[in-house]
Amino acid sequence: MSGAVQPHRRAKAGTTEAAWVRYTLIGVALVFLFLFLLLPLAAVFTEALRKGFGAYFEALVEPDAWSAIKLTLLATVIAVPLNLVFGVAASWAIAKYEFKGKSFLTTLVDLPFSVSPVVAGLVYVLLFGANGWFGPWLQSHDIKIIFAVPGIVLATVFVTFPFIARELIPLMQAQGNDEEQAAIVLGATGWQTFWHVTLPNIKWGLLYGVILTNARAMGEFGAVSVVSGHIRGQTNTLPLHVEILYNEYQSVAAFAVASLLAILALVTLVIKSVSEWRIERELKAIAELPPERPRDTPAVA
Amino acid sequence: MSAVISAAPPALSTGGARGAKRVLPGFGLTLGYTLFYLSVIVLIPLSALFFKTFTLTWEQFWSAVTGPRVLASYRLTFGASLFAALVNLVFGLLVAWVLVRYKFPGKKIVDALVDLPFALPTAVAGISLTALLAGNGWLGQYLEPMGIKLAFTPAGVVIALIFIGLPFVVRTVQPVLEDAEKELEEAATSLGATRWQIFYKVILPHILPALMTGFAMAFARGIGEYGSVIFIAGNMPMISEITPLIIIGKLEQYDYAGATSVAVVMLLISFALLLVINALQAWQRQRTGTKS
């Protein structure tokens with residue numbers, strides 16, 4: 001290429017590859033993603049609709065499917081707010097202050113993420129099962145936790161424990177403390193500062209954390225499977241219902257129920273993308289402000 | 001329970017002494033609640049696992065975690081997780097590279113789709129991959145006549161774990177690649193380096209910690225994975241039975257001691273991996289921190 005004549009063009013060529021390399025890399029990446037992501041997603045819907053919309057909706061309105069939907073919603077409605085309060089508290093403590101043992105605490109918050117879901121379910125069986133620590137006491141008071149709804153809720157809380165905190169900590173660290181300190185110096189209470197200064201800044205990250213927790217809570221399989229006991233119509237969540245139908249060779253019904261969860265996943269991805277673009281825009285707006293001038297206009301145009 | 005919580009105040013007060021300039025309120029409240037909730041939901045239940053193990057003799061524990069079926073499951077679980085994480089290392093880097101450096105139509109949709117394995121319930125992924133690769137499936141019907149059998153074999157386990165681990169490498173490498181300074185590459189080019197040399201000597205060292213972090217995360221996730229694997233694995237003892245399934249099997253036979261022993265081994269491994277990941281992340285911060 002006549003680089004000497006077109007210096008601008010040459011500089012660009014220095015940090016990118018030849019066209020054929022670019023197209024090959026893009027092609028290989030897209031084929032890989034097509035095979036491993038798009039094809040399984042498409043298979044869920046085609047298998048679900050294999051016998052038409054009638055069979056599809058029949059599988060969804062069946063009483064066992066309904067009770068699975070209701071139980072899944074119940075576990076989610078309890079788990080998400082609990083982990084939301086924890087996530088906000090933990091990220092406030094970890095992102096806004098320096099203290100000893102902070103990185104160890106962050107590791108512990110991440111712990112449920114790397115524990116196998118089966119192990120997570122097992123620990124609750126050891127605590128609350130018939131032979132567990134609290135088993136005899138629970139039995140004498142006629143309280144059922146394992147093979148009942150409370151166990152499913154506990155397992156769901158455990159596996160979705162870190163997601164909101166994980167989402168918020170880096171975001172709050174990137175935003176720093178300046179705005180909150182200004183608010184406090186100007187006389188705001190801690191609660192006012194959180195509500196009017198911090199929350200508007202983290203709302204998109206918080207939204208994504210909540211929606212991801214929601215998706216994981218509704219979709220959890222391993223941990224819930226250990227504590228549920230698989231009682232049809234009583235302790236079956238949606239993913240467990242999928243498993244039972246699949247093992248009974250009711251393929252269309254299994255994929256019909258699975259498609260509900262796949263739709264949930266797609267909605268989650270859309271909300272994630274939107275909130276990410278928003279966060280990017282807000283952080284960029286903060287970065288573009290001159291450092292000595294406080295932010296006097298809302299970051300989002 | 002009270003022991004764990006009362007252990008907090010000393011750590012708190014040392015923190016307070018250093019942060020004398022602290023203006024923001026709520027430190028004690030938020031940290032206290034964090035420690036309380038963490039203890040109730042995570043730490044105390046997990047400690048039950050260790051206490052249960054202590055009621056066993058060493059011989060009982062050892063024979064439970066080294067039975068031939070259990071050993072075969074370790075080989076499968078670790079081998080398949082390692083293989084899948086390596087595939088994800090290569091293709092995850094490729095996908096991250098393509099998403100950061102190149103423009104192509106539909107890029108934003110592709111970018112969003114990468115997170116699908118995070119959002120799609122594992123059981124759904126499991127039955128869907130099985131349906132694709134079984135003898136009558138979209139892909140299986142072409143592969144099996146060629147003698148390639150993937151569903152209900154250890155290869156199926158690897159494929160499920162590739163799906164599960166895919167986002168980790170992409171999402172850890174992507175931001176680091178975005179922040180990489182183009183000036184360094186321009187300097188290297190003007191000094192006469194080829195594109196390949198620049199990748200190998202300028203870009204790769206910069207993203208290496210992130211790459212390793214993503215690899216370790218995908219590996220750790222693969223070891224614990226259950227939902228997506230059990231449908232496609234076939235679950236034949238000694239051949240395609242993963243370690244989490246061994247725990248379930250022992251639990252269903254009311255062998256609580258055996259299940260707990262294997263679970264403790266898995267828990268220790270995931271804890272070790274978590275520490276490795278943290279060290280890698282600290283390395284990453286150090287590397288990017290000194291550069292900017």
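In what follows, chains are A, B, ... by sequence order, proteins preceding strands, each numbered from 1.
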* Asked: chain A heavy atoms under 4.5 Å from B:Leu113: which part of the residue, side chain, backbone, both or neither?
  -> both
* Asked: Of the backbone (N, CA, C, O) and the side chain (C-beta and beyond), which part of A:Leu127 lies under 4.5 Å from a heavy atom of chain B, both, or neither?
  -> side chain
* **Contact origin within B:Leu46 toward chain A - heavy atom pairs under 4.5 Å** => both
* Close side-chain approach of B:Tyr33 to A:Val88, heavy-atom, < 4.5 Å -> no
* Asked: Where does A:Phe86 contact chain B at under 4.5 Å (heavy atoms): side chain, backbone, both or neither?
  -> both
* Asked: Checking heavy atoms, do the side chain of B:Phe199, its backbone, both or neither come under 4.5 Å from chain A?
  -> neither
* To do: Go through the atoms of B:Leu139 and report whether side chain, backbone, both or neither lie under 4.5 Å from a heavy atom of chain A.
  => side chain
* Can you name the closest pair of heavy atoms from B:Gly224 and A:Ser116 and give their distance? -> O-OG, 2.7 Å
* Non-hydrogen atoms of chain A under 4.5 Å away: do they reach the side chain of B:Leu275, the backbone, both or neither? -> side chain
* **Atom group of A:Val85 that falls short of 4.5 Å from chain B, counting heavy atoms** => both
* Name the region of A:Leu30, side chain, backbone, both or neither, that has any atom closer than 4.5 Å to a heavy atom of chain B. => side chain
* Option in B:Val110, B:Leu251, B:Ile162 with maximal non-hydrogen atom pairs under 4.5 Å from chain A -> B:Ile162
* Asked: Using non-hydrogen atoms only, which part of A:Ser273 is less than 4.5 Å away from chain B: side chain, backbone, both, or neither?
  -> side chain
* **Heavy-atom pair with the smallest gap, counting every atom of B:Thr30 and A:Ala89** => CB-O, 3.3 Å
* Asked: Pairs in or reaching into residues 110-128 of chain B: which pass salt bridge (charged side-chain N to carboxylate O under 4.0 Å, His left out), with residues at least two apart or in two chains?
  -> A:Lys272-B:Asp115, B:Asp111-B:Arg171, B:Asp115-B:Arg171
* Structure fact -> Greatest number of non-hydrogen atom pairs under 4.5 angstrom with chain B, of A:Val242, A:Val185, A:Leu269, A:Asn177, falls to A:Leu269
* Select, from A:Thr106, A:Asn131, A:Leu25, A:Val44, the one with the greatest count of heavy-atom pairs under 4.5 Å involving chain B. => A:Leu25
* What is the minimum heavy-atom distance between B:Asn88 and A:Phe32, and which atoms define it? -> OD1-CZ, 4.3 Å
* **Chi angles and distances behind the side chain to side chain contact (heavy atoms under 4.5 Å, CB included) call for B:Asn278, A:Phe104** => CA-CA 9 Å; B:Asn278 265 45; A:Phe104 185 62; over 6 Å; no
* **Which portion of B:Leu132 sits near chain A, non-hydrogen atoms under 4.5 angstrom** => side chain
* **B:Thr243 and A:Val118, any side-chain heavy atoms less than 4.5 Å apart** => no
* To do: Pick whichever of A:Leu212, A:Leu126, A:Val119, A:Asn247 has the most heavy-atom pairs under 4.5 Å with chain B.
  => A:Leu126
* Asked: Out of B:Val124, B:Ile127, B:Leu94, which one racks up the most heavy-atom pairs below 4.5 Å with chain A?
  -> B:Ile127
* With a 4.5 angstrom heavy-atom cut-off, could you sort out which part of A:Arg216 is near chain B: side chain, backbone, both or neither? => side chain
* In Å, rounded to the nearest 0.5 Å, how long is the span from OH of B:Tyr102 to OH of A:Tyr23? -> 11.0 Å
* **Part of A:Tyr246 lying under 4.5 Å from any heavy atom of chain B** => side chain
* Partners passing salt bridge (charged side-chain N to carboxylate O under 4.0 Å, His left out) against A:Glu180 (at least two apart in sequence or in another chain) -> A:Lys96
* Asked: Within a strict 4.5 Å, meaning less than it, do heavy atoms of the A:Phe221 and B:Ile230 side chains meet?
  -> yes
* What residue in A:Val109, A:Leu122, A:Thr189 has the most heavy-atom pairs under 4.5 Å with chain B? -> A:Leu122
* Asked: Most heavy-atom pairs under 4.5 angstrom with chain B, which of A:Gly129, A:Pro40, A:Gly190?
  -> A:Pro40
* Asked: Which atoms of A:Ala183 come close to chain B, meaning under 4.5 Å heavy atom to heavy atom: side chain ones, backbone ones, both, or neither?
  -> neither
* OH/B:Tyr254: more than 12 non-hydrogen atoms of other groups inside 6.0 Å -> no
* Asked: So, do B:Tyr37 and A:Val157 sit near enough that their side-chain heavy atoms are less than 4.5 Å apart?
  -> yes
* B:Tyr256 (side chain) donor-acceptor with A:Gly132 (main chain) under 3.5 angstrom -> no
* Structure fact -> Output for pair (A:Ile26 CD1, B:Lys107 NZ), nearest 0.5 Å, gives 8.5 Å
* Asked: Between the side chain of B:Arg221 and the main-chain N/O of A:Phe113, is any donor-acceptor distance below 3.5 Å?
  -> no
* What part of B:Trp97 gets closer than 4.5 Å to chain A, counting heavy atoms only: side chain, backbone, both or neither? -> side chain
* **chain B contact via A:Leu111 - side chain, backbone, both or neither, heavy atoms under 4.5 Å** => both
* Is there side-chain contact between A:Phe255 and B:Ser128, with at least one heavy-atom pair below 4.5 Å? -> yes
* Structure fact -> If one checks every heavy atom of B:Leu120 against chain A at 4.5 Å, the contacting part turns out to be both
* Structure fact -> Rounded to the nearest 0.5 angstrom, the CD1-OG distance for B:Ile277 and A:Ser114 is 6.5 Å
* **Side chain, backbone, both or neither of A:Ser91 within contact of chain B (heavy atoms, under 4.5 Å)** => neither
* To do: Output the option from B:Ile223, B:Leu166, B:Leu99 having the highest count of non-hydrogen pairs under 4.5 Å with chain A.
  => B:Leu166
* **Approximate separation, where rounding is to 0.5 Å, of A:Leu35 CG and B:Phe163 CZ** => 12.5 Å
* Asked: Considering only heavy atoms, which portion of A:Leu105 lies under 4.5 Å from any heavy atom of chain B: side chain, backbone, both, or neither?
  -> side chain
* Asked: By a 4.5 Å heavy-atom criterion (distance strictly below it), what part of B:Ala125 contacts chain A: side chain, backbone, both, or neither?
  -> neither
* **Within 6.0 Å of CD1 in B:Ile109, more than 12 heavy atoms from elsewhere** => no
* To do: Name the option with the most non-hydrogen atom pairs under 4.5 Å to chain B; the candidates are A:Ile184, A:Thr268, A:Leu38.
  => A:Ile184
* Side-chain heavy atoms of B:Phe91 within contact of A:Phe36, under 4.5 Å -> no
* Structure fact -> Between A:Trp92 and B:Pro25 the two heavy atoms that sit nearest each other are NE1-O, 3.4 Å
* Asked: Taking all atoms of both residues into account, what is the closest heavy-atom pair of A:Phe161 and B:Leu38, and its distance?
  -> CZ-CD1, 3.5 Å
* Asked: Using the benzene-type ring in the case of Trp, are the ring centres of A:Phe99 and B:Phe27 under 6.0 Å apart?
  -> yes
* Structure fact -> Minimal heavy-atom distance between A:Val123 and B:Pro45, with the atoms involved, is CB-O, 3.5 Å
* To do: Sort A:Leu39 into side chain, backbone, both or neither according to what part of it lies under 4.5 angstrom from a heavy atom of chain B.
  => both
* Residue part contacting chain B, namely of A:Trp191, when any heavy atom lies under 4.5 Å -> neither
* To the nearest 0.5 Å, how far apart are OG1 in B:Thr122 and CG in A:Leu261? -> 10.0 Å
* Atom CD1 in A:Ile94, atom OG1 in B:Thr34: separation rounded to 0.5 Å? -> 6.5 Å
